[in-house]
Amino acid sequence: MVTWGLGLASGGDSMVVAMTKEHKDGDGGVDIEPKYRMKPLIYFVAYTIPMLKMFTMFNFLFDARPLNSHLLSNLAPSTTTVDAALWPEPVARVQHLLDSGIQEIPKCYIKKPSERPSFIESATSDLNIPVIDLQYLFSDDDSLRQTTTNLVASACREWGFFHVVNHGISQQLMAATQKVWREFFHLPLEEKQKYANSPITYEGYGSRLGAEKGVSLDWSDYFFLHFLPISLRDEKKWPQIPVSCRELVEKYSEEVVKLGGKLMKIFSRNLGLKENYLEEAFGGEGNIGACLRVNYYPKCPQPGLTLGISPHSDPGGMTLLFPDEKVSGLQVRHKNNWITVKPLPNAFIVNLGDQLQVLSNANYRSVEHRVIVNAEKERVSLAYFYNPRGDIPIKPAEELITEDNPPLYPCMTFNEYRLYIRTRGPCGKAQVESLKSSH
Ligand code: OGA
Ligand code: NI
């Protein structure tokens with residue numbers, strides 16, 4: 001099958017953005033058919049039609065608001081070299097704002113009163129997301145195995161968020177990887193700036209989500225990198241210092257991706273699909289998208305006025321979060337309350353993203369979450385995003401469609417889908433909901 005899509009390909013130290021005609025079963029490289037390497041007129045036609053198609057689609061996604069002009073100019077059909085100067089405003093590193101000794105946070109971080117966190121203890125304060133022990137997942141005892149998969153099924157339906165313990169990933173590896181990232185954020189600014197990111201790929205050291213001028217900013221810095229598909233992995237873009245960083249990221253990523261694959265099988269079966277359904281829909285083993293965002297939340301002198309990350313649902317498939325065990329901050333929206341997740345030692349927090357909502361035709365739903373900050377302690381979290389490969393069309397599984405349950409979402413690739421959050425910043429569940437209502 002052949003699809004038109006937005007191809008993002010890595011070209012040496014710079015990123016290359018091109019509209020390409022790709023084969024679904026391709027190897028991940030951007031593969032332009034020979035007949036499209038051709039004369040200007042045909043070239044013009046071949047690129048203009050999909051561009052028009054894409055803009056029409058974005059207009060409906062963006063409520064007819066034009067895309068940020070910076071981003072648009074970089075989505076042009078020609079090949080464009082990108083550097084870090086593409087953000088619409090100068091980028092401030094939150095950590096270094098704090099180090100400069102400010103007592104009041106700049107205006108751009110101040111949320112509207114209705115969006116600010118409440119620190120008043122609520123009646124829901126002892127509620128926590130479910131904790132699932134995965135040790136029996138591969139037990140020979142059918143009933144123990146079934147109990148575990150049932151627990152996952154109800155956690156997916158009721159919460160969309162759960163802790164997993166006894167997941168098989170070494171505690172030492174988890175602790176060492178988190179430590180090395182904390183050290184990275186404590187390096188001098190000049191060292192980190194070598195990896196400063198741009199809104200085109202987001203890879204590297206960043207401090208904002210959303211490429212539009214004037215978007216509300218959150219109280220955090222981050223580092224974003226690709227592990228899979230291999231065609232997007234570029235270890236040169238990962239920190240060279242601390243020296244063990246690249247090796248640890250590689251080992252940690254392998255383990256987390258394996259755990260993600262196991263969970264995908266359980267989700268598939270629980271939805272009544274073939275065990276490999278979701279994995280294959282995501283591009284197949286080794287070909288899925290897996291990327292890491294390490295979040296760094298500095299202390300905040302006025303934590304009641306801002307957020308570490310504004311409310312959002314994760315745009316991809318599923319997220320495996322290794323939070324700071326000593327500092328809480330993640331809040332999950334549950335029945336219209338914000339529940340503060342109490343961290344557990346050596347556990348991962350798993351949550352469903354928008355692509356699983358689409359594939360399951362809303363049998364499963366992604367859940368809105370946000371992060372609050374505090375004046376006493378910095379917080380580091382590792383969010384692993386387990387996503388479909390960017391150029392594969394994603395749509396509700398045929399097996400889940402009946403006359404009474406028509407498809408709720410249109411077909412779209414993840415590269416197209418995630419431009420929304422990358423342009424506008426976190427917007428609750430606005431994107432996935434808008435797809436549904438407009439279909
Ligand atoms: C994210 C996220 C939560 C956290 O990175 O998408 O929701 O606790 N992180 O850092
Ligand atoms: Ni998130």
Side-chain angles (χ1 to χ4, degrees), residues 94-95 117 128-129 159-164 174 177-178 181-182 184-185 197 202-210 217-227 252-253 256 260 289-300 303 306-334 338-345 347-357 365-374 377-387 414 417-418 420-422 424-432:
V94 177
Q95 181 181 11
N128 204 0
I129 57 172
W159 284 87
F161 252 96
F162 51 96
H163 274 118
V164 292
M174 290 169 72
T177 311
Q178 192 166 64
W181 279 110
R182 197 183 290 275
F184 171 80
F185 284 101
N197 75 347
Y202 274 84
E203 287 171 290
Y205 180 47
S207 297
R208 62 185 283 160
L209 188 54
L217 297 182
D218 291 333
W219 194 258
S220 50
D221 302 317
Y222 63 85
F223 197 100
F224 180 74
L225 60 88
H226 286 288
F227 183 67
Y252 180 82
S253 302
V256 175
C291 40
L292 172 66
R293 187 170 65 218
V294 183
N295 297 300
Y296 181 80
Y297 305 96
K299 290 185 241 179
C300 178
T306 191
L307 288 165
I309 300 187
S310 293
H312 65 283
S313 56
D314 292 339
M318 125 177 83
T319 307
L320 295 118
L321 180 81
F322 177 32
D324 199 313
E325 290 174 5
K326 299 204 181 76
V327 190
S328 61
L330 173 64
Q331 294 191 319
V332 174
R333 201 200 276 283
H334 184 63
W338 287 108
I339 309 290
T340 305
V341 176
K342 292 159 200 76
L344 279 180
F348 280 95
I349 295 171
V350 178
N351 66 282
L352 308 179
D354 295 346
Q355 303 302 306
L356 283 184
Q357 178 166 334
R365 303 181 63 80
S366 60
V367 174
E368 212 176 331
H369 52 285
R370 68 180 189 182
V371 174
I372 55 173
V373 287
N374 72 82
K377 284 189 177 135
E378 66 178 30
R379 179 171 180 270
V380 176
S381 74
L382 276 60
Y384 227 107
F385 302 112
Y386 196 100
N387 295 334
F414 184 50
Y417 188 88
R418 75 169 155 202
Y420 184 102
I421 190 167
R422 288 184 166 193
R424 282 181 157 188
C427 287
K429 287 204 61 173
Q431 181 176 16
V432 74

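Keep in mind that what you see is a predicted model, and the values were worked out from it rather than measured. Every number for a ligand or one of its atoms is a count from 1 in the order of the listing. Values below: all heavy atoms of this structure, side chains included; hydrogens, waters and symmetry mates excluded.
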> Is there a side-chain hydrogen bond (donor to acceptor under 3.5 Å, both in side chains) between S366 and Q357 once you walk through the steps?
Replying inline: CA-CA 6 Å; S366 60; Q357 178 166 334; 3.2 Å; yes
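- Protein atoms of type N/O/S that fall under 2.8 Å from the Ni ion (ligand 2) number 3 in this view.
- With hydrogens and angles disregarded, no donor-acceptor distance shorter than 3.5 Å links the side chain of W159 to the backbone of N128.
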> Are F385 and D314 close enough, and set up right, to give a side chain to side chain contact (heavy atoms under 4.5 Å, CB included), and what steps lead you there?
Replying inline: CA-CA 8 Å; F385 302 112; D314 292 339; 4.0 Å; yes
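- In terms of heavy-atom proximity, S207 sits nearest to D221 at OG-OD1, 2.8 Å.
- With a 6.0 Å cutoff to the six-membered ring centre and a 45° limit on the axis angle, R424 counts as a cation-pi contact of Y420.
- Listed as neighbours of ligand 1 are R293, N295, Y297, I309, H312, D314, L321, L330, H369, V371, R379, S381, A383, F385, each bearing a heavy atom under 4.0 Å from the ligand.
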> Going through the checks in order, is the side-chain hydrogen bond (donor to acceptor under 3.5 Å, both in side chains) test met by N295 and S220?
Replying inline: CA-CA 7 Å; N295 297 300; S220 50; 5.6 Å; no
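- Relative ring orientation between F224 and Y202 is described as perpendicular, the plane-to-plane angle rising above 60° on a 0-90° scale split at 30° and 60°.
- D324 pairs with exactly one of R379, K342, R182 by the salt bridge (Lys or Arg N to Asp or Glu O under 4.0 Å) rule, that one being R182.
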> Going through the checks in order, is the side chain to side chain contact (heavy atoms under 4.5 Å, CB included) test met by Y296 and V294?
Replying inline: CA-CA 7 Å; Y296 181 80; V294 183; over 6 Å; no
